[in-house]
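Reading through the C-alpha cells given below for one structure.
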Number of protein chains: 2
Amino acid sequence: MPEERLPQPDVADIELSKLLQALGDPVRLHLFRVYAEGGEYHCSAEGLGVDHLHKSTVSHHMRVMREAGLTTTRVVGRNRYVSLRRGELDERFPGLVGALLGALEG
Amino acid sequence: MPEERLPQPDVADIELSKLLQALGDPVRLHLFRVYAEGGEYHCSAEGLGVDHLHKSTVSHHMRVMREAGLTTTRVVGRNRYVSLRRGELDERFPGLVGALLGALEG
DNA sequence: CCGAATGTTGGATAGGTGTCAAACAGTGCC
DNA sequence: GGCACTGTTTGACACCTATCCAACATTCGG
C-alpha cells in the first residue's frame, strides 16, 4: 500500500497570509522551530514542549499548520509523523523560513 | 514643540508571534507591502488600496500594526503619517522583512 | 467662530479561535 | 477477542477580531 498522507495544499496554493496567521500563535511558532530542526515527530513525541496542552488542542494546532502548508503528515499505523515542508517552502518563499528561524534564535 | 508619535513598542520588546499575527491578515499584509515602498502615508491617502473599508476599520488595522511594532506613526496636525520601521526591524530580525517582501512579489 | 476634514473611540454584531472534555475510530499487542 | 494506545472529531465555552456605524475630538481654513 502506498504511503498515506493527510490532505495538504499544493505548494502553489499556499497563501502567505494564511501561513503567517498559522505562525502568529506562540504554540505553533514553537512547533515550527522544533520541526525545523529536521526529522519527523509524532504528535505525542517528547521534546515537543506541548505537554501542558490537551491532546486535542495539539491535534488542532497541527491541523492548522498542515492546512496552511507548513507541514506534511505521514500516516503510519496509529501514528502521524509530522515534518516541515522545508524544501517546498524554500522554493516558494526563498529565504523566508531561514529568516524566521533566525528571528526565533535571536 | 517636539515631534509627536503615537505609542509604539521598543524594538527589543517586539514579539515575533505578535508581528506575524499582525501580518496574518490580508488587509494588513497589503498595507505592509505598500509601506515597504518607503515614505509616509496618512490614513486616507489614495493608493493605499483600502478604499472599500470604513475609516474606523483602517484605523483599527493601523493600530494593530503599530502595536505589533511594524509601523511608526507621526502626528502632524490632524494627519497621522505612518511608515514602516524598516531599519529597526532589519536590525532585530535580519532578512525577515526582505524575505516577506520577496514572498509577496512572487 | 463655524464648518469641513482627519482620525479615534465605543457599541454592536457576526464569525473566528484556543482550550478542554468526552466520545469516537483505527491500530497494535497479548 | 479484548484492551491499551494514538490521534481525530464534536461540543462547549470564553475570548478575540474584523467590520460597520454613530458620536466625538482635534485641527485647519474661511
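Lettering follows sequence order; numbering is per chain, from 1. In this text, all values refer to a predicted model and were calculated from it rather than measured experimentally.
A donor N or O paired with an acceptor N or O is found under 3.5 Å between the base of D:dT27 and the side-chain atoms of B:Arg78. For B:Ser56 against D:dC21, a side-chain-to-base donor-acceptor contact under 3.5 Å is present.
Cluster annotation: A:Leu20 is connected to A:Leu101 through the hydrophobic network of ILVMFWY side chains, with a link wherever side-chain heavy atoms come within less than 4.5 Å. By the rule that hydrophobic residues join a cluster once side-chain heavy atoms approach within less than 4.5 Å of another member, A:Tyr35 and A:Val58 end up as members of one cluster. Both B:Leu29 and A:Leu19 are assigned to one and the same hydrophobic cluster, defined by single-linkage of ILVMFWY side chains at heavy-atom distances under 4.5 Å.
Comparing A:Val76 and A:His52, the nucleotide of DNA chain C nearest to each residue sits closer to the 5' end for A:His52.
Atom CE in A:Met62 sits about 18 Å away from atom C1' in C:dT17, given to the nearest Å. The nearest whole Å value for the distance from the CG atom in B:Leu23 to the P atom in D:dA18 is 12 Å. As rounded to whole Å, 11 Å separates atom P of C:dT8 from atom CD of B:Glu67. Across the protein-nucleic acid pair, A:Arg5 atom CZ and D:dT8 atom C1' stand 19 Å apart, rounded to whole Å. Counting to the nearest Å, the C1' atom of C:dA4 and the NZ atom of B:Lys55 are 11 Å from each other. Distance CG (A:Leu53) to C1' (C:dA21): 14 Å, rounded to an integer number of Å. Atom C1' of nucleotide D:dT19 and atom CG of B:Asp25 are separated by 11 Å, given to the nearest angstrom. Distance A:Asp51 CG to D:dT6 C1': 15 Å, rounded to the nearest Å.
Under 4.0 angstrom from either OP1 or OP2 of D:dT19 there lies at least one side-chain N or O belonging to B:His61. Contact check, A:His54 against C:dT19: no side-chain N or O comes under 4.0 Å of OP1 or OP2. B:Asn79 has a side-chain polar atom (N or O) that falls below the 4.0 Å cut-off from OP1 or OP2 of C:dG7. Of the side-chain N and O atoms in B:Ser59, one or more sit less than 4.0 angstrom from OP1 or OP2 of C:dT8. The shortest distance between the side-chain N/O atoms of B:Gln21 and the OP1/OP2 oxygens of D:dT17 is below 4.0 Å. Phosphate proximity of C:dT8 to B:Arg80: present, with a side-chain N or O under 4.0 Å from OP1 or OP2.
Across every non-hydrogen atom of A:Arg92 and A:Ile14, the tightest pair is NH2-O, 2.7 Å.
Within the nucleic acid shown, B:His42 comes within 4.0 Å of sugar-phosphate atoms alone, with no base atom in reach, counting heavy atoms only. Residue contacts for A:Ser44: at a heavy-atom cut-off of 4.0 Å it reaches the sugar-phosphate backbone alone, with no base atom in range.
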Could you walk me through whether A:Arg80 and A:Met62 pass the side chain to side chain contact (heavy atoms under 4.5 Å, CB included) test, one step at a time?
-> CA-CA 10 Å; A:Arg80 281 91 215 268; A:Met62 291 184 170; over 6 Å; no

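For A:Arg63, the listed nucleotide lying nearest its side chain is D:dT9; candidates were D:dT9, D:dT19, C:dT9. The A:Arg28 side chain lies nearest to C:dG18 when the options are D:dT8, C:dG18, C:dC20. Of all nucleotides listed (D:dC20, C:dG7, D:dA18), C:dG7 comes nearest to the side chain of B:Cys43.
Checking A:Val27, A:Val34, A:Val82 one by one against A:Leu48, the side-chain contact (heavy atoms from CB on, under 4.5 Å) holds for a single residue, A:Val34.
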